[in-house]
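What follows is a set of notes on a single structure, which appears directly below.
We name chains A, B, ... by the order of the sequence lines, and we start the count at 1 in each one. What you see is a predicted model, and the numbers here were worked out from it, not measured in a lab.
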Protein chains: 2
Amino acid sequence: MTQDGRAEELEPAKRRIMEATYRALQKHGYGNLTIQHIADEFENSKTLLYYHYDGKDELLVDFLDYVLTQFLNSLPRGDRTPKEELETLVDTLLPETLSEEAYRLQLSMFELRVNAPHDEGCREEYRHVDAELTELLRDILVRGVEAGEFDVNDPEAEAELFLSILTGTRARRLTVFKPDESIEPLRAAIQSHIDRISA
Amino acid sequence: MTQDGRAEELEPAKRRIMEATYRALQKHGYGNLTIQHIADEFENSKTLLYYHYDGKDELLVDFLDYVLTQFLNSLPRGDRTPKEELETLVDTLLPETLSEEAYRLQLSMFELRVNAPHDEGCREEYRHVDAELTELLRDILVRGVEAGEFDVNDPEAEAELFLSILTGTRARRLTVFKPDESIEPLRAAIQSHIDRISA
């Protein structure tokens, strides 16, 4: 993560653009999104948008970084054990059901990911997202091993595996489940995996 | 799978349309695909295409069924142990690197999946794809437990988990790796999981 990508350090105009993008994606989805939709949510001039960004793609790459930072900052710290941290991460990324709005936003992010092979900047940003999440998972697993909570030999490989599980479960939920349909069996499978790697 | 979806029972014209779609997707990708591209590969009249299909979306749902059947039929049977079957499945779905053509085809199938939330027929077909693959995995795991090769308590949950791993690894490879870039760390993570569930 670049320093200037951190939400708390964003200049106010840029943060408002990010929040407008968030609302615009919730309303319109990725496929239909235009700069005008974002400007409508921005309640400021389109000119100011173009002062910051050359186009939609560049804006969305920044948005990805913003969402990642928000997500990482939103994870509860403090008095939780590493295993609880891991379970909270699963809960946050994969709630049992979704509201229509949350579904549309998650689907937008996923469509943006699938557009990455066609957009080098977007691909680099998603590579970065995956690297940050793998690092977070590795860190949780290493602390869990130290605390005697996890029994894994290779936290690096476990972290890769866990990110694939999270990405795959999300992909399956977004493409074949309806927003209000429970993904309980998929979540139970992840929980049984967490129990298996527990000491 | 519907009976008439099985490749070996397809009428010849329909099978030729499926093969033309395969080539058209390899060349043009999902985003740019038109019925004309398929007709170009078909070497028959566009009229015949429209005799069989009302439009591109309907054709692609049939194509999905065709690819699934081909994939399931292509898996080697016979003298392999369940563990070898599972490893072959991983190898087939996730080779270490991809040719440009194979990459474009896999990406097309993935883009089609991500379009599923916008197309009820496509969503149903992908739900069916996931159900068939889960069933295949469950069957391999159950036979592996019987043969003393696998040590898993709940083959149903293991199968769900394994499909999420396969889907997630494929999603990650297609969106952030380049076709000729090795996904060795992601494959090693899957192998360590297979070793862990082995007896």
Side-chain angles (χ1 to χ4, degrees), chain A residues 29-32 94 103-104 107 110-118 122-131 133-134 152-154 156-179 183-193 195-197, chain B residues 29-32 94 103-104 107 110-118 120 122-131 133-134 152-154 156-179 183 185-193 195-197:
Chain A
Y30 170 68
N32 300 316
L94 293 162
Y103 174 81
R104 214 171 300 131
L107 184 60
F110 195 61
E111 290 173 323
L112 186 57
R113 177 184 267 273
V114 177
N115 190 47
H118 308 295
C122 190
R123 191 203 285 252
E124 277 311 306
E125 186 58 34
Y126 265 111
R127 193 182 270 267
H128 170 69
V129 168
D130 281 3
L133 290 176
T134 310
V152 296
N153 294 324
D154 184 348
E156 201 75 49
E158 281 311 321
E160 288 290 357
L161 188 76
F162 212 90
L163 182 57
S164 293
I165 292 170
L166 292 172
T167 308
T169 308
R170 217 167 194 220
R172 293 175 64 197
R173 105 94 51 88
L174 290 172
T175 54
V176 305
F177 286 73
K178 297 200 159 61
I183 56 162
E184 207 280 316
L186 278 59
R187 282 170 51 107
I190 299 178
Q191 188 58 51
S192 76
H193 178 70
D195 291 341
R196 177 171 43 209
I197 64 174
Chain B
Y30 169 68
N32 300 315
L94 292 162
Y103 174 81
R104 212 170 304 129
L107 184 61
F110 195 61
E111 290 172 324
L112 186 57
R113 178 186 267 274
V114 177
N115 190 45
H118 307 296
E120 192 57 35
C122 190
R123 190 203 285 250
E124 277 311 304
E125 186 57 34
Y126 265 111
R127 191 182 271 265
H128 170 69
V129 168
D130 281 5
L133 291 176
T134 310
V152 297
N153 295 325
D154 184 346
E156 201 75 49
E158 280 311 322
E160 289 289 358
L161 187 76
F162 213 91
L163 182 58
S164 293
I165 291 170
L166 292 173
T167 307
T169 308
R170 215 165 194 219
R172 293 175 65 197
R173 106 94 51 89
L174 290 172
T175 53
V176 305
F177 285 74
K178 297 198 161 58
I183 57 162
L186 277 59
R187 282 170 51 108
I190 298 178
Q191 188 59 52
S192 76
H193 179 68
D195 292 340
R196 176 171 43 211
I197 63 173

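The choice from Val114(B), Ile190(B), Leu166(B) that makes the most heavy-atom pairs within less than 4.5 Å of chain A is Val114(B). In terms of heavy-atom pairs under 4.5 Å with chain A, the best-connected choice from Thr175(B), Asn153(B), Thr167(B), Ile197(B) is Thr175(B). Of all the listed residues (Ser164(A), Ala189(A), Gly168(A)), the one sharing the greatest number of non-hydrogen pairs under 4.5 Å with chain B is Ser164(A). Of the listed residues (Arg170(B), His118(B), Gln191(B)), the one with the most heavy-atom contacts under 4.5 Å to chain A is His118(B).
Contacts of Glu158(B) with chain A are made by side-chain atoms alone, with heavy-atom separations under 4.5 Å and no backbone atom involved. For Phe162(A), no part sits under 4.5 Å from any heavy atom of chain B, backbone or side chain. When heavy atoms are compared at a cutoff of 4.5 Å, Leu107(A) approaches chain B solely by way of its side chain, counted from C-beta outward. Only the side chain of Arg196(A) comes within contact range of chain B, with at least one heavy atom under 4.5 Å from a heavy atom of that chain. Heavy atoms closer than 4.5 Å to chain B are found nowhere in Glu125(A), neither backbone nor side chain.
Between Ile165(B) and His193(A) there is no side-chain heavy-atom pair separated by less than 4.5 Å. You'll find the side chain of Val176(A) reaches within 4.5 Å of the side chain of Arg113(B), heavy atoms only.
Figure legend: Arg127(B) and Phe177(A) shown as a cation-pi pair, the cationic atom lying under 6.0 angstrom from the six-membered ring centre and within 45 degrees of its axis.
Taking CG of Leu163(B) as the reference point, atom OG1 of Thr169(A) lies at 9.0 Å (rounded to 0.5 Å). One distance of note links CG of Leu186(A) with OG1 of Thr134(B); it measures 8.0 Å at 0.5 Å rounding.
Smallest separation of non-hydrogen atoms from Ala157(B) and Ser192(A): CB-OG, 4.4 Å.
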